[in-house]
**Q** 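Handing you this structure, nothing more for now.
Remember, predicted model here, so these are calculated numbers, not experimental data.
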Amino acid sequence: MSDAPRSHGRKTIRPTLKPRSLMEGDEELAGVWQARIVTLFPDAFPGVLGLSLTGKALSEGRWQLYTHDLRDFGIGKHRNVDDTPAGGGAGMVLRADVVGPAIEAAQAHARGRWPVLYMSPRGRPFDQAMARDLARSDGVTMLCGRFEGVDERVLEHYGITEVSLGDFVMTGGELAAQAMLDATVRLLPGVLGNAESTVEESHAAGLLEHPQYTRPANWEGREIPPVLMSGNHGEIEKWRRAQAEELTRTRRPDLWTRRDQSS
């Protein structure tokens, strides 16, 4: 069984006399942001990342996605990837001598600033600031756990950062990895058509986003706030700011307090 990573990014294909089969390799594009996913379920990718803006950017070669199948690094005839917990207990733990070589294979392609993250409910909370930081890196490797988790020695040996999507437990890290990649990829240059979209949205300035409206002007007896129809951009900006602050105060007092402390 091959341990070659599966590539989901490709160049834009233009008319050529070169056979199509010769263009469908795992060619890495120089200087392009990459995500490398170490997982037991490579077929889970690209998933939703292959749709909409992230999918379009992937097909255009604005970023690249590779998966590294943990089963390819399994032990013995049955390619075992896990074993019982040392000291006893329920469930199974991913083996260090399986995960380690998989991380090595992924990191063989790393360049520049390239963090390695492990999707873990005990990790630091993922937020917009982390998404921005990842977008400014050269790429990222994400380890998706399963079962009871990963042998701790792997995390220590490679200095892996544990990251959590929230205070809940999932069956594996694949969905969390996709969510984090979606938040990151949309910040890469050229992915969003309107760069201002990332400036005004929730969390961009430590506030939740103001309410949004569009046609029809009246729906089920509810009208668009008159200030938004006034054409007075100064008043519109003041209204949006006030709405964002009020929403943040009432819905996310933790964000509001943190913002006050930093100002």
Side-chain angles (χ1 to χ4, degrees), residues 33 35 46-57 62-63 115 117 119-137 140 142 161-170 173-263:
W33 193 91
V48 295
L49 297 170
L51 306 175
S52 189
L53 292 173
T54 53
K56 182 173 182 288
R62 295 186 184 276
W63 70 292
L117 309 181
M119 310 297 99
S120 166
R122 71 182 191 183
R124 60 169 284 195
F126 182 80
D127 57 18
Q128 191 69 14
M130 190 183 296
R132 285 195 295 267
D133 186 62
L134 288 177
R136 288 192 289 262
S137 68
V140 65
M142 292 182 163
T161 301
E162 297 183 61
V163 185
S164 172
L165 197 59
D167 294 334
F168 50 87
V169 179
M170 304 175 73
E174 286 76 16
L175 286 175
Q178 288 192 26
M180 294 179 193
L181 283 176
D182 182 275
T184 300
V185 168
R186 64 194 302 278
L187 300 177
L188 296 176
V191 173
L192 289 185
N194 182 2
E196 291 183 3
S197 297
T198 63
V199 175
E200 297 184 354
E201 60 196 8
S202 288
H203 304 292
L207 295 171
L208 299 183
E209 188 179 14
H210 56 77
Q212 298 281 9
Y213 300 87
T214 188
R215 289 187 289 253
N218 186 304
W219 178 78
E220 298 290 337
R222 297 172 181 268
E223 294 187 349
I224 294 176
V227 64
L228 298 180
M229 310 294 285
S230 68
N232 187 326
H233 296 294
E235 289 302 311
I236 291 172
E237 180 57 34
K238 284 168 56 178
W239 180 88
R240 286 176 169 171
R241 180 74 179 189
Q243 290 289 311
E245 291 179 349
E246 180 61 22
L247 283 171
T248 306
R249 270 196 302 264
T250 56
R251 297 187 183 183
R252 291 293 303 275
D254 57 319
L255 289 179
W256 185 255
T257 300
R258 198 153 63 232
R259 185 172 174 275
D260 271 354
Q261 291 172 345
S262 62
S263 61

**Q** Measure the spacing between CD of Gln243 and OG1 of Thr248 and express it to the nearest 0.5 Å.
**A** 10.5 Å
**Q** Nearest heavy-atom pair of Ser120 and Glu162: which atoms, and what distance?
**A** OG-OE1, 2.9 Å
**Q** Hey, could you give me the CG/NZ distance between Leu51 and Lys56, rounded to the nearest 0.5 Å?
**A** 14.0 Å
**Q** Does the side chain of Glu223 come within less than 4.5 Å of Met229's, by heavy atoms?
**A** no
**Q** Does the distance from a Lys or Arg side-chain N to an Asp or Glu carboxylate O, for Glu237 and Arg240, drop under 4.0 Å?
**A** no
**Q** Going from OG1 on Thr54 to CG on Leu192, what distance comes out if it is rounded to the nearest 0.5 angstrom?
**A** 10.0 Å
**Q** Does a side-chain heavy-atom distance below 4.5 Å link Arg132 with Leu187?
**A** yes
**Q** Any non-hydrogen side-chain atom of Arg259 less than 4.5 Å from a side-chain atom of Glu245?
**A** yes
**Q** Is the shortest side-chain heavy-atom distance between Val227 and Lys238 below 4.5 Å?
**A** no
**Q** List the atom of Gly123, the atom of Ser164, and the distance in Å for their closest heavy-atom pair.
**A** O-CB, 3.5 Å
**Q** Is the number of heavy atoms from other residues, nucleotides or ligands within 6.0 Å of CG (Asp167) greater than 12?
**A** no
**Q** Would you check if Leu208 and Arg252 make a side-chain contact, meaning some heavy-atom pair closer than 4.5 Å?
**A** yes
**Q** Mark yes or no for whether Thr184, through its side chain, and Ala135, through its backbone, hold a donor-acceptor pair below 3.5 Å.
**A** no
**Q** Can you tell if the side chain of Leu247 reaches within under 4.5 Å of the side chain of His210, non-hydrogen atoms only?
**A** no
**Q** Any side-chain heavy-atom pair from Pro46 and Leu181 closer than 4.5 angstrom?
**A** no
**Q** Could you check if a side-chain atom of Met180 sits within less than 4.5 angstrom of a side-chain atom of Met119, using non-hydrogen atoms only?
**A** yes
**Q** Which atom pair, heavy atoms only, marks the closest approach of Trp239 to Pro225?
**A** CZ2-CG, 3.8 Å
**Q** Let me see the working for Met130 and Val163 under side-chain contact (heavy atoms from CB on, under 4.5 Å), right down to the final yes or no.
**A** CA-CA 10 Å; Met130 190 183 296; Val163 185; 3.7 Å; yes
**Q** What are the two closest non-hydrogen atoms of Ala176 and Leu165, and how far apart are they?
**A** CA-CD2, 3.8 Å
**Q** Check for a donor-acceptor pair, side chain of Trp33 on one end and backbone N or O of Pro189 on the other, with a separation under 3.5 Å.
**A** no
**Q** What's the separation between atom CG in Leu207 and atom CG in Leu255, rounded to the nearest 0.5 Å?
**A** 8.5 Å
**Q** Let me confirm one number: the CZ-CH2 distance from Arg251 to Trp256, rounded to the nearest 0.5 Å.
**A** 14.5 Å
**Q** Gly231 and Ile236: which non-hydrogen atoms are nearest, and at how many Å?
**A** N-CD1, 4.4 Å
**Q** Looking at every non-hydrogen atom in both residues, tell me the closest pair between Ala131 and Phe126 and how far apart they are.
**A** CB-CZ, 3.8 Å
**Q** Once rounded to the nearest 0.5 Å, what's the spacing between atom CG of Leu175 and atom CE of Met170?
**A** 4.5 Å
